[in-house]
Structures are given as structure tokens and as C-alpha cells.
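Read through the structure below, which is laid out as C-alpha cells, and then see the notes.
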There are 2 protein chains.
Amino acid sequence: MSSSDSDPAEVQLTPTGKVILGMLGLGISTGYDVKNFVDKTTRHFWAASYGQIYPELRRLEEQGLVSGRPEPTGGRARTVYNLTDAGRSALLRWLQSDAETVNEARDEGMLKLFFSDAGGPAERIENIRSMRARDERTLAQLRSLEPHAAAGPKGPYLTLQLGIALHEAAVNWCEAAERELEKEEKE
Amino acid sequence: MSSSDSDPAEVQLTPTGKVILGMLGLGISTGYDVKNFVDKTTRHFWAASYGQIYPELRRLEEQGLVSGRPEPTGGRARTVYNLTDAGRSALLRWLQSDAETVNEARDEGMLKLFFSDAGGPAERIENIRSMRARDERTLAQLRSLEPHAAAGPKGPYLTLQLGIALHEAAVNWCEAAERELEKEEKE
DNA sequence: AAATGCATGTAAGACGTTACATGATTTT
DNA sequence: AAAATCATGTAACGTCTTACATGCATTT
């Protein structure tokens with residue numbers, strides 16, 4: 001065992017490390033592709049940026065969880081990564097662990113709504129309307145992926161379904177709240 | 001105008017700055033209370049920690065948006081903060097701005113589900129079950145706040161309603177998916 | 001007397017985005 | 001010829017959590 005390998009049972013995966021290992025497991029093989037795929041598929045519940053991805057790929061390689069080799073396309077540099085055995089088992093250990101999962105939301109629209117008593121009633125309706133517009137955009141984008149996702153692996157398809165359900169619920173709630181508040185304002 | 005005041009039109013509020021100004025606007029007046037109130041009310045869509053709150057209160061004071069004065073309870077130190085005029089107008093400017101609002105989610109349960117093709121079907125069901133358990137706990141907690149919130153200001157009440165609707169949608173989706181996957185597994 | 005709650009605070013480190021730089025290849 | 005896409009990378013900065021320390025007051 002080389003000095004760069006760690007006991008995989010001891011490796012504590014970083015958040016971005018988890019996405020990367022998972023993506024490599026799906027056959028995505030460059031930092032660039034990881035970023036694009038994340039943007040297309042997991043963005044609505046999990047984001048990642050180049051500033052995290054590239055350094056993390058190197059850390060994972062130091063830990064012996066992934067291995068990269070140069071595969072230039074013509075004169076264009078390109079590094080293709082694969083899971084090592086240790087990487088695959090670290091991925092499975094994470095997927096199988098029943099540790100409490102993190103679930104955090106940061107919704108500035110809701111925060112503004114929370115404080116909306118500081119303004120007037122018209123402002124509050126505008127606030128909800130803009131949340132709805134935002135969620136409708138996301139919803140449309142998610143729906144556009146559906147036909148393609150239905151043909152692919154089940155995990156990504158399920159999260160797409162859930163994302164759609166959640167955004168539908170948000171849009172529906174906004175519509176109902178707008179109607180309600182408009183009615184109240186007329187009185 | 002003292003040298004510590006900034007032109008309020010130029011102040012760029014930090015994320016935590018927004019919560020704090022909003023909370024002071026609701027009459028919450030100490031860092032400690034801000035933290036407790038956030039945990040009780042906005043946590044499901046916006047969190048904050050002491051490590052952010054106390055330093056931010058001092059930055060806001062330097063900027064002239066809040067003013068604090070010592071109001072000890074017996075021998076126990078305590079600083080009560082209030083919005084200044086500049087602070088109140090910065091709060092209103094933020095609430096009224098129609099800039100695109102941030103909406104980010106980070107759901108490790110969904111991420112595991114996304115990658116769940118790496119494991120077996122039983123594992124995937126377990127995954128969804130644990131997401132549901134988690135969401136049911138949050139839902140129960142939100143519902144317990146409802147009677148009290150119904151009597152308070154409308155903004156907090158509306159976000160509570162929305163939070164409940166979203167968590168209900170999540171729980172319902174999980175239930176349906178579990179049934180579906182269990183049926184498939186029997187075949 | 002101990003435990004819980006009130007109240008403030010900080011240091012260290014983890015995590016993240018943004019903005020920029022570079023250069024090749026492919027498409028328009 | 002220009003624009004878009006492929007591909008990698010980093011520096012600076014912003015943000016956040018965790019873990020700890022302190023000490024008084026109130027409740028059990």
C-alpha cells in the first residue's frame with residue numbers, strides 16, 4: 001500500500017467529495033463534466049462549483065479514492081478520472097450509512113415573506129408572485145428533463161420526480177396565497 | 001453624521017445581516033433571542049448561528065444600522081439592540097427590492113437517492129423511508145407552531161403554511177414512492 | 001447542589017462562490 | 001472571423017459551523 005492511501009474506513013468524505021464519487025460512479029469522468037451534469041440534474045437540491053470540484057478531485061486522488069490519467073482531445077488538456085476500489089467502497093459506505101442526512105434550505109423569498117409585515121399588503125403579494133415565477137421557471141426546466149430521465153437510471157429519475165412534486169407544491173401554494181391575499185385586499 | 005455612518009443606499013447587507021435587521025424589526029432585541037427565534041421559526045428555510053450573529057451585530061452597529069445599549073438583567077450582561085432610522089430604511093429597501101432572490105437547497109437524502117443505483121433496491125427503499133422520517137419530524141414540529149402562529153403577524157404565519165405544504169408534499173411523495181418500489185420488488 | 005436556561009463571545013477551520021486567466025477546438 | 005464550447009485551474013473573498021470558554025440566574 002503506498003503512502004498516499006488511507007484506510008478507506010477512516011476517510012471522512014467532504015460534501016463535494018460525495019458528489020464527485022457518486023458522479024464518477026455514474027460514469028462521468030472529468031471535472032468539467034461533473035460540473036455540467038450537476039448543473040443539469042442535482043442543482044435543485046445540491047450544487048457544486050469548479051472552485052470546489054478541481055481541488056477536491058486532487059484531494060480524492062491523494063487519498064487514493066480516485067485515479068486520474070491525462071486523455072487529451074487533440075491538443076486540449078483533459079484528465080479522465082475513475083473510482084479506485086477504495087473509492088468505490090467509500091461511496092458504498094456513504095450510501096449505506098444510516099447517519100442522519102443533512103437537509104438545509106436557504107430561501108430568500110421566504111425570508112422576505114417572513115418579514116413582510118414591515119411593508120404593505122400589495123408588496124407582500126408581489127413577493128409571493130415573484131417566488132412563484134422563480135419556482136415556475138425551475139419547474140419548467142425540471143419537466144423538460146423528464147422524458148430523457150425516464151429512460152435512464154432510476155435514482156436520478158426519482159429525484160427528478162420529487163423535485164417536480166416539491167416545486168408543484170410551492171407553485172400551488174403561491175397561487176392559492178395570492179388569490180387569498182387579493183381577496184382580502186379588496187375588502 | 002458621525003464617521004461610522006454609511007450612506008444607507010450603499011450598504012450591501014450580508015445574508016445574516018438581513019435576518020438580524022428583520023428580527024429587530026419584529027421587536028426581537030438580543031443576539032440570544034435572534035438565535036432562538038430563528039431556530040423556532042425560520043430554521044426550515046433559513047438558519048443562523050451565534051458565530052455569525054454576534055459579529056454581525058457589531059458590524060451593523062459600525063455601519064449605523066442598529067444601535068445597542070447594555071441592559072443587564074441583574075448581574076447578567078445583556079445588550080439590547082434596536083434598528084436605527086438608517087437600519088429601518090435598509091431593511092425596507094431590501095424587502096422592496098425586486099432583485100432575484102436566492103433559493104438554495106442541500107439535501108443529502110436526495111443526493112443519496114440520486115446515486116442509489118449503485119446499491120440494491122432494498123437500500124433505496126430504506127433511503128426514502130429515512131427521508132420521510134426526517135420530513136415527518138419537521139412537519140410535526142411545524143404543525144405544533146400553527147395555533148400560536150395563527151394569532152401572530154401574517155408574514156411568519158404564511159411562511160409556516162408554506163413550510164407545512166412543502167413538507168407534506170415531500171412526505172406524500174415518499175409514501176407513494178415507497179409503495180411503488182415495494183410493489184416492484186415483489187415482482 | 002445540580003441542572004437548566006440566559007447571555008455573550010471567539011478561534012479555527014471547513015466550505016463555498018465569484019471572478020478571472022489560459023488556451024484549444026468546434027460551430028456559426 | 002467571431003462566438004461558443006471544451007477543459008482546467010486558482011486567488012480572493014465571503015460565509016458558516018463547531019467547539020469551546022465564561023459566568024450569572026433560575027428552577028429542580
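Each chain gets a letter, A, B and so on, in the order its sequence line appears, and its residues count up from 1. Note that this is a predicted model, so its numbers are computed, not measured. Values below: every heavy atom of this structure, side chains too, minus hydrogens, waters and symmetry copies.
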* **Under the ring-ring contact (aromatic ring centres under 6.0 Å, His included) test, residues paired with B:Y54 that sit two or more places apart** => B:Y50

* **OP1 or OP2 of D:dT15 under 4.0 Å from side-chain N/O of B:Q52** => no

* To do: Provide the start and end nucleotides, 5' to 3', of the part of DNA chain C that has atoms under 4.0 Å from heavy atoms of chain B.
  => C:dG5 to C:dG16

* Asked: Are A:E136 and A:R132 close enough for a salt bridge, meaning some N to O gap below 4.0 Å?
  -> yes

* Asked: Which letter, B, S or -, goes with each nucleotide of nucleotides 23-28 of chain D from 5' to 3', with contact meaning a protein heavy atom under 4.0 Å?
  -> BBS---

Quick test: give all pairs of protein nitrogen or oxygen and nucleotides 11-14 of chain D nitrogen or oxygen below 3.5 Å, distance rounded to 0.1 Å.
none

* Are the side chain of A:N127 and the backbone N or O of A:S116 linked by a donor-acceptor pair below 3.5 Å? -> no

* Structure fact -> For B:E104, the salt bridge (charged side-chain N to carboxylate O under 4.0 Å, His left out) test, sequence neighbours excluded, returns none

* Asked: Do any side-chain nitrogens or oxygens of B:R106 fall under 4.0 Å of OP1 or OP2 in D:dT17?
  -> no

* Close approaches to DNA chain D from residues 17-42 of chain B, in residue order (heavy atom, under 4.0 Å) -> none

* Structure fact -> Computed from five pairs at either end and rounded to 10 degrees, the angle between the axes of the helix from C:dA1-D:dT28 to C:dT28-D:dA1 is 40°

* To do: Under the side chain to side chain contact (heavy atoms under 4.5 Å, CB included) rule, collect the residues that match up with A:Q141, sequence neighbours excluded.
  => A:L145

* Partners meeting side chain to side chain contact (heavy atoms under 4.5 Å, CB included) with A:E185 (sequence neighbours left out) -> A:P121, A:A122, A:I125

* Structure fact -> Sequence neighbours excluded, the answer for side chain to side chain contact (heavy atoms under 4.5 Å, CB included) partners of B:R78 is B:T30, B:E71, B:T73, B:V80

* To do: Just jot down the side chain to side chain contact (heavy atoms under 4.5 Å, CB included) partners of B:L21, sequence neighbours excluded, or say none.
  => B:L13, B:L60, B:L65, B:V66, B:L83, B:A90, B:L91

* For B:R88, all residues meeting side chain to side chain donor-acceptor pair (under 3.5 Å), sequence neighbours excluded -> none

